[in-house]
2 protein chains.
Amino acid sequence: MARVRSGQLAEAGGVHVETLRYYERRGLLESPPRRGSGYREYPAEAVQRLRLIKQAQALGFTLDEIAELLALNPHAAVACGDMEDRVRSKMAELDEKLDALAELRGSLERVLCECCDGRQAQEACPALSPQHDPAPARRR
Amino acid sequence: MARVRSGQLAEAGGVHVETLRYYERRGLLESPPRRGSGYREYPAEAVQRLRLIKQAQALGFTLDEIAELLALNPHAAVACGDMEDRVRSKMAELDEKLDALAELRGSLERVLCECCDGRQAQEACPALSPQHDPAPARRR
DNA sequence: GTTCACCCCGTACCCGGGTACGGAGTCAAG
DNA sequence: CTTGACTCCGTACCCGGGTACGGGGTGAAC
């Protein structure tokens, strides 16, 4: 499977063919070479790249961010320094998201403990009463 | 501040007036009583409710989910059991996101170590070559 | 009694991230 | 050499979550 057609790539990536075209327009996938007929012929690496995109996306990166990351280096030389900076700042963002998420998780947990422990399942749930102010997210 | 107008509520909740109307249409805020003029007069609790909405949203609930949660109980009894189930499943979702994020963070970190340590900043960065497959997400 | 901020409503628009549609060309198998 | 699956392209549409616009009413202060 050295060269793949749209349909195959799409399937490998768990994505619709139109989505590939869409990613191409958005600059996430570079335009592959075409056969005489106009059919796209993707190199095998496109599969990796597509997976990378989906992975990044699942983690909350926007398509623009992903494009930017990938655009750093389509193939060849990107200075390590550049890469390092971007990766570090992305990591910092991730750290923030992690914190925020962990915090929210914690506050949900508190809601459960404070509210539902030892109560009858049918009783009114105090967590939803208008006065209840569970755990205001830390200002950011 | 027993009864508040749209503008005041909006400000208190850090939200635009139109957003209030939008939430009302979506069933997130119940239609408040009106003065003779047609002006909305929100009860003071609306502020809490609005904050609750924004908080839930920040936690990754969609507006529909929030509406559903709130619809359970406009004011009084929501069975604790109901609430508990929903909160638990939301927590599980958050846990998954946390894992994935942590994993990505780790793989970025590895990229930095493997790739950039002891290299000249201007050198081509191997982390971005197509063959490089940083850390395939654990199957889920 | 006019000014000026505030509110009403409906409708239309924006962004992100795709999905669907339809007419036409391609290609491998039978 | 026809069939059926696949591909091309452009354009239009969908959803979620709002935001903007414009014409008109309200109301407190001066």
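- Regarding A:Leu63, its CG atom lies at a distance of 15 Å from the P atom of C:dC15, rounded to whole Å.
- Among the nucleotides C:dA28, D:dC6, D:dC8, the one closest to the side chain of A:Arg34 is D:dC8.
- Between the side chain of A:Tyr22 and the base of C:dG16 there is no donor-acceptor pair of N/O atoms closer than 3.5 Å.
- Distance B:Leu9 CG to C:dC8 P: 11 Å, rounded to the nearest Å.
- Side-chain atoms of A:Glu11 never come within 3.5 Å of backbone atoms of A:Gln8 as a donor-acceptor pair (strictly under, hydrogens ignored).
- Projected onto DNA chain C by closest heavy-atom contact, A:Tyr23 and B:Tyr42 fall at different nucleotides, the more 5' of which corresponds to B:Tyr42.
- Using a 4.0 Å heavy-atom criterion, one finds that B:Arg21 contacts the bases of the nucleic acid, with or without backbone contacts as well.
- Within the 4.0 Å cut-off from OP1 or OP2 of C:dC6, not a single side-chain nitrogen or oxygen of B:Ser6 is found.
- To the nearest 0.5 Å, atom OH of residue A:Tyr23 and atom CZ of residue A:Arg49 are 13.5 Å apart.
- A salt bridge links A:Arg40 to A:Glu24: one of the charged nitrogens lies within less than 4.0 Å of a carboxylate oxygen.
- Between B:Ala67 and B:Gly27, the shortest heavy-atom contact is CB-O, 4.2 Å.
- Rounded to an integer number of Å, the gap from A:Arg35 CZ to C:dA28 C1' is 11 Å.
- A:Gln57 places its CD atom 9 Å from the C1' atom of C:dG18, with the value rounded to the nearest Å.
- Distance, A:Asp64 CG to C:dC15 P: 12 Å, rounded to whole Å.
- The side chain of B:Arg40 places no N or O atom within less than 4.0 Å of a non-bridging phosphate oxygen (OP1 or OP2) of C:dC7.
- With rounding to whole Å, B:Gln8 atom CD is found 7 Å from C:dC7 atom P.
- Two residues, A:Ser37 and B:Thr62, neighbour DNA chain D, and the one matched to the more 5' nucleotide by heavy-atom proximity is A:Ser37.
- Below the 3.5 angstrom threshold, one finds no donor paired with an acceptor across the side chain of A:Tyr39 and the base of C:dC27.
- With values rounded to the nearest 0.5 angstrom, B:Arg21 atom CZ is found 10.0 Å from B:Thr19 atom OG1.
- Taking only side-chain nitrogens and oxygens, B:Thr19 never comes nearer than 4.0 Å to OP1 or OP2 of D:dG17.
- Between the CZ atom of A:Arg26 and the P atom of C:dC15 there is a distance of 11 Å, given to the nearest Å.
- One can place CZ of A:Arg25 at 12 Å from C1' of D:dA12, the figure rounded to the nearest angstrom.
- Residues A:Glu18 and A:Gly7 both approach DNA chain D. Their nearest nucleotides, taken by heavy-atom distance, put A:Gly7 toward the 5′ side.
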